[in-house]
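Below is one structure, written out as structure tokens; comments come after it.
Throughout, a chain's letter reflects where its sequence line sits, starting with A, and its residues are numbered from 1. Everything numeric in this text was worked out from a predicted model, so none of it was measured.
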Amino acid sequence: MNCTDVRDRIDDAVSGRLAAGELTGLEQHLATCAECRADYDAARYLAPATGRLPRSIEPPARVWAGVEARIARRRTVTPRLAAAAAVVLMAVSSAVTALVLGRDDAPAPAALAAPAFEASYIQQASALADLLARDRGRLAPETIETLERNLRIIDGAIAESRAALEADPADPDLRLLLRASHEQKVALLEQATRLAREL
Amino acid sequence: MRPAAFLALLAATAAALGAAQPLGAQAPVRRLAVARDASVRILNLTGSIRVTGWDRDSVTISGAPPRGGGTLLAGGSERGVKIVVEADPSVDVPGTALEIRVPRTATLWVKSASAAITIENVAGEVEASSVTGTITIRGAPAVLVAESMEGDIDISAPARVSRVKTAGGDITVREAAGEVSATSVSGAIRLLDARGITSGRVESVSGGVTFNGGVAAGGSLDLQTHDAPIEIFLPATQGAVVDVAAYGGKTMNRIPGLVGKPTRGKAMQYVLGNGGARVTARSLKGDVSLRSRMPRPNPSP
Amino acid sequence: MHADALFLAGHAEGLRPARPMADLTVRRAQAGDAAAFGELYRAHAGRIHALCLRLEGDAARAEELTQDVFVRAWERLASFRGESAFGTWLHRLAVNVVLADRRSLWRRGRRILFTDDPAAFERPAEGPALQAADLEVAIAGLPPGARAVFVLHDVEGYTHEEIARLAGIAEGTSKAQLFRARRLLREALDR
């Protein structure tokens, strides 16, 4: 047995689940290999105490209070309505950008419907935009400008990808392209929200 | 000395030095003994941060804030050290130029706003992030996470696992290997002289994507843009199945003797050699080109 | 009308019947019942909080993360289709939230500025026997990569394959981190 084989079997050996034949091979290796011996000893040493660690530690009551407050704001778009709301959420993607940037001129809704899988991304972006709108005063003007420029680029990509997917809904690459644009948007908003909260 | 007292002494020393230093002068080196795999956390918003790995079990710090430029705090224990420049961002003074040496196998976090970050010869886990500062990484961290809004990120001989992300900054990764994820919104992304990528994901919305190098047999590489060009250069010895889906743009195959076959709609598939790796490229409006090598070499800086 | 047909198509996709779920509380929460969601919170918060505490090491941040997990769970409830137990789904979501947050340097930066406690890096006190409390402190002292893998594998029971997928690392890296974590813990506790 070589070191890789041994290391893959250490956990089973420590918990007594290793077959007798393999156990012999393992012990023979451990007798001559200091590194694997150290790994085996460490696993055996830790196993009892790790098993005794509490799996559940109740958080203080304020945690639930915070959750309740945040989901109260989200409840206008419940999971069951999300699919139906996908139709009207077409415009919300750009409206999210408008919200982040504090503008009142949200673009008018387009005529096309949005695929249902987008709803979750749009919800996430909306949640982040809320947080960001609250804290955007903490961002430097240049950072806001960067954010604005890149959000517009992504919104354009989302609109164009969506239109292409509408024309050919079965195309998996078009789906991937649209999904990727949404993920870019959520990732960018997350990055900006972290910046606003922590700088 | 007990760590708490150690920290207090260092803070007092740093404050005194910070007040006394003339603009731009380097403070004497301070040294902290640490374990080889200690954590080192560095925060300096403006100025510059240069971190170099070495084979000693200690951290040394050079550089002090200029007059009015804040306070340098450093302390911890042999398991971990924090180095922080606390400064008032509204005061208009140059930032602090920090030079730090850490054990080569340390775990490193570096954060800045506009300060340029340079990390060399650190083989542990490295995380670096900035808002506008450039990030330059040399040497091969085990794991690398690098993030910036606008700063360009330049990596040579990178990690076995790396995650690089910008909003607008350009990303260049030389000699990429292993698992690489590089994403940007408007920045251009170039993976040059890649060696044996096992899992690669390169995505930019409006920035161009260039890949030049090798994908490991059984590995996968996924390249995507919205409306910018994707350029793929593969060595003559690369075995790969390459699937290209370019909707609004052109698909250009410049590999001599290679014939693609249409798969679905506008998508094309090319089989190179024994087809051992999977490469996929898709763009809604950008052109995708496939070539067997870059027209001229890209020297490392 | 074209728009109505599209509306119905989108609507139908969202309401495609899931496999029957044993848990009525989950279904009520999915329908928007916040009180039902509160019951789910009471049932699972302890476990999620313990995970966040061990992966994080910082009590205040662990509370924030626990909150973030449940808010995201509320937002993503529609995507739970009963293929696994709700607790399993929630736990996986929590791991994603914490690991994504851990990679964020911004958060770490804030801790550096406002946590001046050098004891954050102290070695655990020596004791006569290996107590669970000593182990908790030692886990908190691990470097983050090793700590994450140790908590997920040895404490929470994820396989290396699952950890690799969740953390976006190679399986080999996960195994290496685990062995490194165990050795470091042994060293720390044996002194």
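- Salt bridge status for C:R182 with A:D39: absent, with no side-chain N to carboxylate O gap under 4.0 Å.
- Within residues 7-15 of chain A, the residues that have a heavy atom under 4.5 Å from a heavy atom of chain C are A:R7, A:D8, A:I10, A:D11, listed by number.
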Practice problem: For the pair A:V63 and C:E64, evaluate side-chain contact (heavy atoms from CB on, under 4.5 Å) and give the outcome as yes or no after the intermediate values. | Solution: CA-CA 7 Å; A:V63 174; C:E64 284 176 41; over 6 Å; no
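- When all heavy atoms are compared, the tightest approach of A:P54 to C:R54 is O-NH2, 2.5 Å.
- Rounding to the nearest 0.5 Å gives a distance of 4.5 Å between CG of C:L135 and CG of A:L53.
- Heavy atoms from other residues, nucleotides or ligands lying under 6.0 Å from CZ of A:R44 number 12 at most.
- Note that CD of A:E68 is 10.5 Å distant from OH of C:Y41, once rounded to the nearest 0.5 Å.
- Here the shortest heavy-atom pairing between C:R186 and A:A42 reads CD-CA, 3.9 Å.
- The minimum heavy-atom distance between A:E58 and C:G46, with the atom names listed, is OE2-CA, 3.5 Å.
- In this structure, the side chains of A:Y45 and C:L185 stay at 4.5 Å or more apart for every pair of heavy atoms.
- For the options C:I48, C:L178, C:D68, C:V69, heavy-atom pairs under 4.5 Å to chain A are most numerous at C:D68.
- Side-chain contact check for C:F70 versus A:I71: every heavy-atom pair is 4.5 Å or farther apart.
- The line from CD of C:E136 to CD1 of A:I57 is 5.5 Å long, rounded to the nearest 0.5 Å.
- Summarising the geometry of C:Q67 relative to A:V67, their closest heavy-atom pair is CG-CG2, 3.6 Å, with the distance given to 0.1 Å.
- Across A:S56 and C:R47, no two heavy atoms sit closer than the pair OG-N, 3.5 Å.
- Closest of all the heavy-atom pairs between C:E75 and A:Q123 is O-OE1, 3.9 Å.
- Note on C:R72 versus A:E190: salt bridge recorded, some NZ/NE/NH1/NH2 to OD/OE distance being below 4.0 Å.
- Put simply, CZ on C:F179 and OH on A:Y40 are 12.5 Å apart, with the number rounded to the nearest 0.5 Å.
- Chain A forms the most heavy-atom pairs under 4.5 Å with one residue out of C:A59, C:A45, C:C52, C:A50, and that residue is C:A50.
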